[in-house]
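Have a look at the structure below before the remarks.
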Amino acid sequence: MISATQAPSLCKAYEPYFRVGAALSSWLVKDPELVEIVCRHFNSITADNQMKPDSVLNLEGTLAQGDPCHAATDFTRVDALLSFARDHQLSVRYHVLAWHNQTPVWFFKKDWENDREAPFAPKEVILARLENYIRDVMQHVNTCFPGVVYTWDVVNEAIEPDQDGPGLYRTRSPWFTAAGQDFLPAAFRAARRYAAPGQTLCYNDYNAFEPVKRDAILDVLKMLKAENLVDTMGMQGHYLLPHLDIAACETAARAYAALGLKLQVTELDIHCNSDDEAHVAALAEAYRSWFAMIKKLVKEGIPVEAVTFWGVTDADSWLPGFRKEPSYPLLITADRKTKPAFDAVLREAEL
Ligand code: G3I
């Protein structure tokens with residue numbers, strides 16, 4: 001294992017195929033060694049949290065404005081990351097415009113009431129708020145940081161056929177309670193209106209390889225595609241080491257591409273709860289065979305815009321907190337050394 005600051009560049013190795021990205025936390029860009037690692041190995045970044053609605057929306061400003069359809073925004077955190085990206089010549093995938101999670105409860109409520117029990121605002125008000133929010137974010141980003149963002153996660157995790165019974169959608173989402181399934185095309189229509197030329201619009205979801213969910217996503221993507229609203233399918237890619245089904249990932253990727261969509265893998269990590277020798281080797285083999293699969297698709301002509309890791313080193317992964325057990329899911333150790341998985345992915349690029 002060598003220091004990640006010394007290892008050959010991952011993104012250079014994959015330049016003929018796709019961008020290689022990572023999700024960053026705000027603290028990470030203040031650590032010079034981590035910045036060196038990011039700039040060496042990644043040519044695309046996203047924010048793990050700073051670009052989400054709860055990081056942008058501002059309740060006090062909204063109440064002061066007094067407009068029932070227009071929420072106030074505060075771009076301090078967004079701008080910090082976009083400035084970092086611009087200054088280091090990194091492209092950005094913006095995550096995320098519309099999501100049920102990490103959107104403040106008041107955004108959905110009548111009179112902007114900050115109370116879970118308060119009544120929802122009427123559907124037409126919610127859709128106007130959505131349009132205004134998307135316009136404000138996209139215009140701000142594209143005016144102040146032209147050319148920095150290349151793709152937008154317009155809607156995240158809205159399709160969940162398993163958890164909510166019949167139907168395609170995650171009906172427990174406040175978006176559905178407040179506006180029904182129309183919020184999804186409405187979000188994409190707004191994003192299409194305000195996107196800069198060349199920016200792609202992405203639908204993003206987890207377990208997008210799983211057949212029942214895949215087919216539900218395909219149905220919704222067909223509807224969006226018929227109106228030319230979506231360009232890219234974002235397969236998140238949160239996998240578990242013993243259960244990574246690469247054949248299912250490949251089948252799903254081919255099915256999304258067959259709709260005429262580009263692909264992105266937006267949140268790649270492989271949960272692995274030990275760093276003993278056997279697990280380290282198994283992780284390396286899992287990553288190697290997954291990258292071999294995605295590279296094969298690109299060689300066949302399937303457009304893959306980017307593969308983005310959900311974190312830079314194991315120290316900043318969300319998985320230990322979420323799984324409540326140790327996790328060693330990325331290519332770089334917590335002490336910033338490259339793992340055998342890193343070497344395996346790098347070698348795979350050269351084959
Ligand atoms: O900001 C507060 C802070 O003020 C407080 O002191 C601290 C105490 O726990 O919590 C902080 O908020 C946390 C936030 O991350 C920022 O660190 C939240 O509790 C925590 O829930 C939140 O987790 C994020 C999670 O999304 C929430 O949905 C993860 O960092 C982030 O990696 C994760 O990312 C999601 C993608 O957006 C969508 N796909 C799944 C992926 C993993 O869950």
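As the structure lists them, so they are numbered: ligands from 1, and atoms in each ligand from 1. Sequential numbering from 1 along the given sequence is applied to the chain's residues.
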Residue and atom name of the nearest protein heavy atom (relative to [atom]), distance in Å to one decimal:
{"atom": "atom 32 (O) of ligand 1", "answer": "W310 NE1, 2.9 Å"}
{"atom": "atom 43 (O) of ligand 1", "answer": "W318 CZ3, 3.2 Å"}
{"atom": "atom 30 (O) of ligand 1", "answer": "N49 ND2, 2.9 Å"}

What atoms of ligand 1 come within less than 4.0 Å of a heavy atom belonging to [X]?
{"X": "H238", "answer": "40 (C), 41 (C)"}
{"X": "N156", "answer": "38 (C)"}
{"X": "N101", "answer": "28 (O)"}

With a 4.0 Å cut-off, would you call [X] and [Y] a salt bridge?
{"X": "R189", "Y": "E227", "value": "yes"}
{"X": "D314", "Y": "K339", "value": "yes"}
{"X": "E36", "Y": "R40", "value": "no"}

**Check: W318 ring centroid to H238 ring centroid under 6.0 Å** =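 Yes, the ring centres sit under 6.0 Å apart.
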
Hey, is [atom] touched by any protein heavy atom at less than 4.0 Å?
{"atom": "atom 4 (O) of ligand 1", "result": "no"}
{"atom": "atom 12 (O) of ligand 1", "result": "no"}
{"atom": "atom 8 (C) of ligand 1", "result": "no"}
{"atom": "atom 18 (C) of ligand 1", "result": "no"}
{"atom": "atom 41 (C) of ligand 1", "result": "yes"}
{"atom": "atom 15 (O) of ligand 1", "result": "yes"}
{"atom": "atom 28 (O) of ligand 1", "result": "yes"}

**Message:** Tell me the nearest of M51, E267, K52 to atom 33 (C) of ligand 1, using heavy-atom distances.
**Reply:**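 Answer by nearest heavy atom: K52.
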
**Item:** Of the listed options Q102, H95, E157, closest to atom 36 (C) of ligand 1 (non-hydrogen atoms)
**Value:**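 Selected option, by shortest heavy-atom distance: H95.
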
Just by distance, no angles: are the side chains of [X] and [Y] close enough, under 3.5 Å, to form a donor-acceptor pair?
{"X": "Y194", "Y": "E131", "answer": "yes"}
{"X": "W99", "Y": "D153", "answer": "no"}
{"X": "Y206", "Y": "E160", "answer": "yes"}

**Prompt:** Can you tell me if H88 uses its side chain to pair, donor with acceptor, with the backbone of F84 under 3.5 Å?
**Reply:**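 The answer is yes, because a donor-acceptor pair under 3.5 Å joins these two groups.
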
**Asked** Has the side chain of H41 got a donor or acceptor atom that lies under 3.5 Å from a matching backbone atom of A4?
**Response**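 Yes; judged by distance alone, with no hydrogens or angles, the pair exists.
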
**Message:** Is there a side-chain hydrogen bond (donor to acceptor under 3.5 Å, both in side chains) between Q199 and D231? Walk through the geometry before answering.
**Reply:** CA-CA 9 Å; Q199 290 179 330; D231 306 303; over 6 Å; no

**Prompt:** Do any heavy atoms of F322 fall under 4.0 Å from ligand 1?
**Reply:**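 Judged by the 4.0 Å heavy-atom criterion, F322 does not count as contacting ligand 1.
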
